[in-house]
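Step one of this worksheet: look at the structure below.
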Amino acid sequence: MTYLPPDEATRARMLDTVRFDAAGLIAAVAQQHDTGEMLMLAWMNRAALDETLRTGRVCYFSRSRDALWRKGETSGQVQNLVDARLDCDRDAVLLLVDQQGVACHTGRRSCFFNAMRPEGLVETSAPLVSPDSLYGQG
């Protein structure tokens, strides 16, 4: 499935309908488009969402760095956009993506690996890649 970006005027109209929070952010959930696997949750500001819609490569806003964060720019684990969907209140966005490699900074495919079970937290998957190798520290 090939992503077709909307033109600038259409993007601007769509972005004007998004309900960003008081900090100018919206929650963004990334889901693998063909399997339904939930990959991660991150944040986007208007610039990140606009860049994502314009380029088809997912861009988030890093609250810790106070800067745009292009998924995969340091790790090579890129997310290509297939579709973007706002929820009914337009205050959260679902990103259907084609994830290249792992999505989690821990080296796992998904960030959702801590299952809350009667016996406590259980890790449901092991890292597929060393986090050190993802970020050039290994």
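Nothing here was measured: the structure is a model prediction, and the numbers come from that model.
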### Heavy-atom closest contact (Gln79 atom, Ala30 atom, distance)
NE2-CB, 3.8 Å
## Note on the structure
Taking every heavy atom of Leu39 against every heavy atom of Ala103, the minimum-distance pair comes out as CB-CB, 3.8 Å
#### Entry: Pairwise distance CG(Leu81) to OG1(Thr2) - rounded to 0.5 angstrom
12.0 Å
### Query
How long is the span from the OG1 atom in Thr124 to the CG atom in Asn114, to the nearest 0.5 Å?
7.5 Å
### Message
Check for me, please, whether Leu95 and Trp43 land in the same ILVMFWY cluster - side-chain distances under 4.5 Å, paths through other members count.
### Response
no
### Task
Would you name the heavy atoms of Cys111 and Met40 that are closest together and state the gap between them?
SG-CB, 3.6 Å
### Query
What pairs of residues pass the salt bridge (Lys or Arg N to Asp or Glu O under 4.0 Å) test when at least one of them lies in residues 55-72, not counting sequence neighbours?
Glu51-Arg70
### Task
Using modelled atom types only, decide if a donor and an acceptor are shared between the side chain of Gln77 and the backbone of Ser75 within a distance under 3.5 Å.
yes
### Interatomic distance, Gln99 atom CD to Gln31 atom CD [nearest 0.5 angstrom]
12.5 Å
### Minimum heavy-atom distance between Leu68 and Glu73, given as atom pair plus value
O-OE2, 4.2 Å
### Task
Compare every heavy atom of Ser133 with every heavy atom of Val129, then report the nearest pair and how far apart it is.
CG1-OG, 3.3 Å
### Task
Using a cut-off of 6.0 Å, state whether more than 12 heavy atoms not belonging to Glu8 lie near its atom CD.
no
### Message
Is there a path of hydrophobic side-chain contacts, each under 4.5 Å between heavy atoms of I/L/V/M/F/W/Y residues, joining Met14 to Val58?
### Response
yes
### Query
Judged by atom type as modelled, is there a donor-acceptor pair below 3.5 Å linking the side chain of Ser110 to the main-chain atoms of Met38?
yes
### Query
With the 4.5 Å side-chain cut-off for hydrophobic clustering, are Phe113 and Leu128 part of the same group?
no
### Message
Within the structure provided, determine whether Arg90 and Val18 are in side-chain contact (heavy-atom separation under 4.5 Å).
### Response
no
### Euclidean distance, Ile26 CD1 relative to Asp91 CG, rounded to 0.5 Å
6.5 Å
#### Entry: Leu25 vs Met44 side-chain heavy atoms within contact, under 4.5 Å
no
### Query
How long is the gap from OH on Tyr60 to OG1 on Thr52, to the nearest 0.5 Å?
7.5 Å
### Query
What are the two closest non-hydrogen atoms of Leu53 and Arg11, and how far apart are they?
CB-CD, 3.7 Å
### CG on Asn45 to OG on Ser62, rounded to 0.5 Å
10.5 Å
### Derivation of the side-chain contact (heavy atoms from CB on, under 4.5 Å) call for Tyr3 and His33
CA-CA 12 Å; Tyr3 175 72; His33 75 98; over 6 Å; no
### Query
Any chain of hydrophobic side-chain contacts (each under 4.5 Å) joining Leu94 to Leu41?
yes
### Task
Say whether Leu15 and Val93 are linked into one hydrophobic cluster, either directly or through other cluster members, by side-chain heavy-atom distances under 4.5 angstrom.
yes
